[in-house]
K.L.:
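Please find one structure pasted underneath; my questions will follow.
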Amino acid sequence: MELPFAESWKIKMVEPIRKSTREEREQWIREAHYNVFQLRSEQVYIDCITDSGTGAMSDRQWAAMMLGDESYAGAKSFFHLKEVINRLTGFEYVIPTHQGRAAENVLFSHLVKEGDIVPGNSHFDTTKGHIESRKATALDCTIDEAKDTQLELPFKGNVDPAKLEKALAEHAEHIPFIIVTITNNTAGGQPVSMQNLREVRAIADRYGKRVVLDSARFAENAYFIKTREEGYADKSIKEIVAEMFSLADGMTMSAKKDGIVNMGGFIATRHEDWYEGAKRFCIPFEGYLTYGGMNGRDMEALAVGLDENTEFDNLDTRIRQVQYLAARLDEFGIPYQRPAGGHAIFVDASKILTNVPKEEFPAQTLTIELYLEAGIRGCEIGYILADRDPVTRENRFGGLDLLRLCVPRRVYTNNHMDVIAVALKNVFDRRNDITRGVRIAWEAELMRHFTVTLERV
Ligand SMILES: *Cc1c(COP(=O)(O)O)cnc(C)c1O
């Protein structure tokens with residue numbers, strides 16, 4: 001008999017979590033104005049609001065923290081981190097930053113100017129923000145198939161080469177670089193194939209352009225290449241990672257994802273001119289070059305985290321857990337964006353709460369119902385997150401209305417996944433009785449989902 005699958009780690013330290021009663025949750029969510037960002041973490045039983053900075057560090061990472069060199073300049077910990085990044089990516093120049101958006105801020109301050117166009121595959125919201133705040137345009141060239149939630153494709157995060165080619169043919173002189181996000185977070189944690197990275201490289205070369213990889217989940221992307229793309233089954237994750245980065249000129253990194261640290265990020269590049277340019281912005285925005293936004297101890301933990309998370313077994317445990325949750329949802333017939341992504345399941349609320357009018361925010365309503373059901377905190381990626389149209393000030397109901405359930409790395413067991421799945425099933429079973437949603441009582445002009453206050457209709 002074949003042995004069943006089990007985690008590639010065992011547990012050395014635990015953090016108690018507490019269940020609550022429905023009455024408590026009714027009160028807490030009311031006090032939070034029906035916005036889960038305003039709940040306290042103690043009011044949450046299983047927290048799936050994000051996979052960013054919520055992972056569990058290993059014993060080796062905690063041990064490495066003790067070796068942190070907190071020298072202002074020339075810290076040993078910086079050179080240790082740099083050595084690991086050099087070895088994994090082939091990029092010679094490294095600038096640490098306090099998180100991913102800071103890496104974008106520093107690099108884009110050097111590269112992006114008013115009137116520029118930056119093509120890519122569904123730019124992450126902070127990436128888009130750092131482009132648009134410089135009066136430039138983030139041009140989405142993701143394949144059209146990514147928008148169909150029920151279509152099963154192995155690499156649904158890909159760049160559409162025809163769209164990219166067209167962008168370059170029309171606007172080459174305004175394009176400072178191309179950015180490819182691996183995995184494609186906005187499209188649901190969907191991977192980008194090596195073949196696609198090669199196509200992007202070829203197009204970029206024809207126009208003499210450089211390519212940046214927004215690499216928050218580069219290791220998960222490499223896992224999907226190994227398990228789904230022809231010719232990679234026998235390659236190690238580290239070999240695949242090296243090949244991915246060999247097709248790019250630089251990277252921005254949110255280490256809070258695939259670095260498995262709670263805070264951190266960096267820029268890495270093979271080009272001295274990019275390094276020299278970005279350096280000028282690192283010092284005023286982040287700090288001196290050998291720490292950027294990071295403590296020495298955090299650079300040590302990141303160095304170990306990057307090494308560990310580019311090993312197959314660690315990634316296999318992680319991705320299979322997300323797929324386990326997806327399989328449970330399949331069992332109950334609950335619709336989500338297919339196939340399951342690397343870090344999260346995006347539940348299709350508009351297909352579940354069909355009696356809740358879109359003006360009453362079905363995905364937010366589902367988020368609230370799941371919290372009330374079992375104290376599980378997901379996150380609306382839908383009509384509230386979409387903000388209003390800047391010109392008409394109308395709500396934007398054109399996109400998808402999803403409940404995102406992120407799975408933190410190495411934190412929960414499959415028993416927790418079962419609780420999530422069954423709680424969602426219970427809500428799903430009474431979906432037709434849920435006919436009213438929420439209305440907005442107060443909202444900020446931009447990024448309203450963090451602070452919005454809501455009332456039940
Ligand atoms: C999280 C993320 C960022 C921003 O990183 P932070 O560490 O949250 O600042 C950028 N790009 C992608 C794809 C991300 O997932």
Side-chain angles (χ1 to χ4, degrees), residues 15-54 325 329 332 334 336 344-387 395 401-408 411-412 416-444 447-457:
E15 176 181 344
I17 49 177
R18 188 181 158 269
K19 288 184 206 169
S20 50
T21 64
R22 187 164 178 118
E23 290 67 50
E24 286 175 316
R25 293 193 291 275
E26 292 274 5
Q27 186 193 333
W28 292 335
I29 194 75
R30 201 177 327 113
E31 288 167 357
H33 304 287
Y34 298 97
N35 178 349
V36 293
F37 282 97
Q38 293 183 36
L39 288 169
R40 290 169 177 247
S41 65
E42 302 103 301
Q43 297 168 339
V44 174
Y45 176 43
I46 302 174
D47 204 349
C48 298
I49 199 167
T50 180
D51 67 321
S52 179
T54 53
L325 176 58
L329 299 189
F332 302 138
I334 299 171
Y336 59 87
I345 301 286
F346 293 69
V347 180
D348 197 341
S350 61
K351 288 195 168 67
I352 297 175
L353 296 186
T354 50
N355 294 338
V356 176
K358 62 182 188 312
E359 291 77 14
E360 296 178 14
F361 304 106
Q364 181 65 23
T365 306
L366 188 61
T367 305
I368 295 164
E369 289 296 332
L370 182 63
Y371 174 72
L372 288 173
E373 180 67 29
I376 296 158
R377 177 159 68 169
C379 175
E380 191 247 33
I381 302 285
Y383 301 144
I384 294 183
L385 180 87
D387 280 333
N395 282 307
D401 197 34
L402 308 169
L403 158 62
R404 184 184 71 184
L405 295 168
C406 278
V407 182
V411 170
Y412 293 116
H416 295 109
M417 299 300 118
D418 286 334
V419 174
I420 297 167
V422 172
L424 200 54
K425 177 201 187 303
N426 292 345
V427 176
F428 186 65
D429 285 348
R430 53 182 167 79
R431 63 191 179 281
N432 292 329
D433 302 333
I434 302 170
T435 57
R436 304 314 301 261
V438 289
R439 78 166 79 85
I440 293 176
W442 180 88
E443 63 187 300
M447 309 251 262
R448 64 182 180 181
H449 71 293
F450 290 118
T451 52
V452 70
T453 63
L454 301 164
E455 287 162 359
R456 289 217 115 164
V457 180

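Keep in mind that the numbers below use all heavy atoms, side chains included, and drop hydrogens, waters and symmetry copies.
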K.L.:
Can a donor-acceptor pair be found, under 3.5 Å and without considering hydrogens, that links the side chain of D401 to the backbone of Y383?
P.N.:
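Here the side-chain-to-backbone pair exists.
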
K.L.:
Do T354 and K351 come within less than 4.5 Å of each other through their side chains, counting heavy atoms only?
P.N.:
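Side chain of T354 against side chain of K351, heavy atoms only: no contact under 4.5 Å found.
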
K.L.:
Taking the side chain as every heavy atom from C-beta outward, state whether W28 and R40 have any atom pair closer than 4.5 Å.
P.N.:
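Not in contact.
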
K.L.:
Does the E373 side chain pair with the main chain of L424, one donor and one acceptor, at a distance under 3.5 Å?
P.N.:
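Pair absent, no side-chain N/O of E373 close to backbone of L424.
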
K.L.:
Return yes if some donor-acceptor pair links the side-chain N/O of E360 with the main-chain N/O of P357 below 3.5 Å, else return no.
P.N.:
no

K.L.:
Roughly how far, to the nearest 0.5 Å, is the NZ atom of K425 from the CG atom of L329?
P.N.:
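The distance works out to 12.0 Å.
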
K.L.:
Would you mind checking if E26 and R22 are paired as a salt bridge, meaning a charged N to carboxylate O distance below 4.0 Å?
P.N.:
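E26 and R22: salt-bridged.
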
K.L.:
Would you check, one step at a time, whether the test side chain to side chain contact (heavy atoms under 4.5 Å, CB included) holds for I434 with V427?
P.N.:
CA-CA 9 Å; I434 302 170; V427 176; 4.1 Å; yes

K.L.:
So which atom in L39 and which in R377 form the shortest heavy-atom distance, rounded to 0.1 Å?
P.N.:
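Closest approach of L39 to R377: O-NH1, 3.5 Å.
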
K.L.:
Would you compute the distance between atom SG of C48 and atom CG of L370 and round it to the nearest 0.5 angstrom?
P.N.:
8.0 Å

K.L.:
Within this structure, what is the CG-CD1 distance for the pair N432 and I352, rounded to the nearest 0.5 Å?
P.N.:
11.0 Å

K.L.:
Quick check for you: to the nearest 0.5 Å, what is the distance between L454 atom CG and Y34 atom OH?
P.N.:
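So the CG of L454 and the OH of Y34 are separated by 9.5 Å.
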
K.L.:
Kindly compute the distance separating CD1 (I376) from NE2 (H416), expressed to the nearest 0.5 Å.
P.N.:
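So the CD1 of I376 and the NE2 of H416 are separated by 10.0 Å.
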
K.L.:
Check whether any side-chain heavy atom of V411 sits under 4.5 Å from a side-chain heavy atom of T54, and report yes or no.
P.N.:
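A side-chain contact under 4.5 Å is absent here.
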
K.L.:
Any heavy-atom pair between the side chains of Q364 and V452 that's under 4.5 Å?
P.N.:
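Contact flag for V452/Q364 side chains = no.
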
K.L.:
Considering only NZ, NE, NH1 and NH2 on the basic side and carboxylate oxygens on the acidic side, decide whether E369 and R456 come within less than 4.0 Å.
P.N.:
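Yes, E369 and R456 are salt-bridged.
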
K.L.:
Measure across A349 and A363 and return the closest heavy-atom pair with its distance rounded to 0.1 Å.
P.N.:
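In this case the closest contact between A349 and A363 is CB-CA, 3.4 Å.
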
K.L.:
Measure the shortest side-chain to side-chain distance between Y412 and I420 over non-hydrogen atoms and say whether it is less than 4.5 angstrom.
P.N.:
no

K.L.:
Provide the closest heavy-atom pair for A444 versus R448 in the form atom of the first, atom of the second, distance.
P.N.:
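In terms of heavy atoms, the two residues are closest at O-CB, 3.4 Å.
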
K.L.:
Please check this pair: side chain of R404 against backbone of I49, looking for a donor-acceptor N/O pair closer than 3.5 Å.
P.N.:
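Yes: the side chain of R404 pairs with the backbone of I49.
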
K.L.:
Does the N395 side chain pair with the main chain of I384, one donor and one acceptor, at a distance under 3.5 Å?
P.N.:
no

K.L.:
Does a side-chain heavy-atom distance below 4.5 Å link D348 with L402?
P.N.:
yes

K.L.:
Could you tell me whether the side chain of F37 reaches within less than 4.5 Å of the side chain of T451, counting heavy atoms only?
P.N.:
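No; the side chains remain at least 4.5 Å from each other.
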
K.L.:
Quick one: does D51's side chain have a donor or acceptor within less than 3.5 Å of a partner on C406's backbone?
P.N.:
no

K.L.:
Is the backbone of F450 close enough, under 3.5 Å, to the side chain of N35 for a donor and an acceptor to pair up by distance?
P.N.:
yes

K.L.:
Quick check for you: to the nearest 0.5 Å, what is the distance between E443 atom CD and D387 atom CG?
P.N.:
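Here the rounded value is 8.0 Å.
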
K.L.:
Would you mind reporting whether L405 and Y336 have side-chain heavy atoms less than 4.5 Å apart?
P.N.:
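When only atoms from C-beta onward are counted, L405 and Y336 do not touch, as no gap falls below 4.5 Å.
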
K.L.:
Examine distances only and state if a side-chain atom of S20 and a backbone atom of R25 form a donor-acceptor pair shorter than 3.5 Å.
P.N.:
no

